[in-house]
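Written out below as structure tokens is the structure these notes cover.
Naming: A, B, ... by sequence-line order, numbering from 1 per chain. FYI, side chains are in, hydrogens and waters are out, and symmetry mates aren't considered; it's all heavy atoms of this structure.
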Amino acid sequence: MDFSVNKPFLQFRLSEEPVDVMQEMQFLQNPSCGALVTFTGWVRMENEGKQVNSLQYRAYPALAVKEGETLLQEVWESCHPAGISCVHRTGHLQVGDLAVWIGVAAPHRAEAFAACQQVIDQLKQRVPIWKKEFYPGLSSEWIH
Amino acid sequence: MDFSVNKPFLQFRLSEEPVDVMQEMQFLQNPSCGALVTFTGWVRMENEGKQVNSLQYRAYPALAVKEGETLLQEVWESCHPAGISCVHRTGHLQVGDLAVWIGVAAPHRAEAFAACQQVIDQLKQRVPIWKKEFYPGLSSEWIH
Amino acid sequence: MNTDTATIFLKILYFAQLEEERGCFEETIEYPFPASPLEVYQHLREQHQLQLSPKELRVAINDCFSSWETPLKSHDTLAFLPPVAGG
Amino acid sequence: MNTDTATIFLKILYFAQLEEERGCFEETIEYPFPASPLEVYQHLREQHQLQLSPKELRVAINDCFSSWETPLKSHDTLAFLPPVAGG
């Protein structure tokens with residue numbers, strides 16, 4: 001019954017298809033856990049003052065998954081939640097679409113909040129995924 | 001297009017029925033928002049070392065909703081997210097059931113994480129909802 | 001109840017542990033005027049052997065958090081609130 | 001390519017801005033041995049007018065982050081990675 005000795009559930013995926021949030025949450029269901037914290041990244045209608053019509057995510061799949069898994073392992077070692085699941089979309093997305101979903105389940109909420117923030121902060125810095133924004137009436141741009 | 005001048009979406013509810021998470025998320029959809037942070041409270045199989053079979057939530061509905069709405073307004077004034085939705089279950093719940101769901105949508109993630117944590121921290125301290133735990137082979141107890 | 005003094009009618013709400021100890025969720029009582037929530041609770045506590053002390057409770061009048069010293073009017077709804085445990 | 005020197009075959013992967021500038025995602029090139037990622041990138045940058053400098057990129061060999069100075073072997077897969085922007 002002591003969750004901490006169990007192997008954590010750690011899953012990092014890329015998806016060309018829309019993400020099924022209910023299914024993602026079910027991966028993390030755990031009777032030892034009282035807390036689930038999730039981060040959903042949506043495509044916004046504007047970025048840095050420019051209107052955005054749509055955007056494209058491009059990944060280096062082999063390295064993105066490997067680096068994502070390393071990142072989840074590191075966050076687990078830092079916070080010891082029971083499970084972390086992260087799925088990142090690839091392909092062409094419209095405003096309002098889900099771009100990334102991160103869920104962290106833990107016995108108590110403090111470690112779930114901390115781990116979820118660490119995953120999204122680190123993901124944006126380390127995982128080889130690139131974003132191209134499409135603007136009305138302007139050339140599209142790869143965002144750095 | 002400037003979200004901050006728009007009226008925020010703030011919703012606090014009690015529910016005798018299971019919570020439809022997809023519907024809750026849809027309340028918060030907003031093309032100005034790049035971030036949705038959610039907290040889900042699940043019924044755990046144990047609490048303070050005792051095995052829990054099930055639990056019952058009892059609310060003072062008129063005051064719980066009023067205090068919940070005040071709390072969301074205060075958190076909005078602190079963090080200025082675009083929307084906050086919170087729904088708390090009442091009635092008899094089993095291990096694994098969703099007890100509370102909080103979602104915060106915001107243009108950027110920092111304010112969404114901060115607001116979501118403030119809502120759950122404050123809710124536990126202020127909102128008149130009580131929890132009775134049922135244990136195998138022991139008397140049930142109201143938790144303080 | 002002494003009918004020589006003015007009295008007020010109060011609806012009392014009990015929650016959680018208090019509801020179980022009192023054996024009901026809601027009752028209406030007649031009480032001498034003037035009265036404060038603290039006096040009413042101490043009376044009810046003695047009458048029904050309620051365990052929690054006023055220091056452990058919050059009080060609400062007509063669905064608003066109130067102080068223990070607020071003067072009560074007839075037909076007020078008075079609620080005694082054990083420490084909360086939502087979430 | 002000078003056939004007097006030993007050469008290696010390298011698969012090159014381009015991502016995002018680099019892919020657009022190069023006009024392809026993947027190509028296989030023959031290159032004099034010995035070679036480092038830095039030498040190869042500087043050669044490709046000049047040949048294809050790639051905008052990003054090595055300082056702005058990370059490099060991966062065979063799907064692992066690597067240093068710019070790692071000696072390359074024949075049939076290595078060499079990837080040049082612009083600053084990332086996921087999430």
With sequence neighbours excluded, give me every salt bridge (Lys or Arg N to Asp or Glu O under 4.0 Å) pair touching [range].
| range | value |
| --- | --- |
| residues 36-62 of chain D | none |
| residues 15-31 of chain A | A/R13-A/E24 |
| residues 68-96 of chain A | A/E74-A/R126 |

#### Entry: Side chain / backbone / both / neither for A/A59 at chain D, heavy atoms under 4.5 Å
backbone

### Summary
When the 4.5 angstrom heavy-atom criterion is applied to A/Y57 and chain D, the contacting part is side chain

### Task
Establish, for the pair D/R22 and D/F80, whether the NZ or CZ atom is under 6.0 angstrom from the six-membered ring centre and no further than 45 degrees off its axis.
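Pair D/R22/D/F80 does not count as cation-pi.
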
### Query
Taking only heavy atoms into account, what residues of residues 129-144 of chain A are found under 4.5 Å from chain D?
A/I129, A/W130, A/K131, A/K132, A/W142, A/I143, A/H144

### Query
Step by step, would you call D/Y31 with D/F9 a ring-ring contact (aromatic ring centres under 6.0 Å, His included)?
CA-CA 6 Å; D/Y31 198 85; D/F9 292 90; over 10 Å; no

#### Entry: D/L18 portion near chain A, given a 4.5 angstrom heavy-atom threshold
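No part of it gets close to chain A.
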
### Query
Shortest non-hydrogen contact from A/V43 to A/A99?
CG2-CB, 4.5 Å

### Query
So, for D/F25 and D/Y14, is the gap between ring centers shorter than 6.0 Å?
no

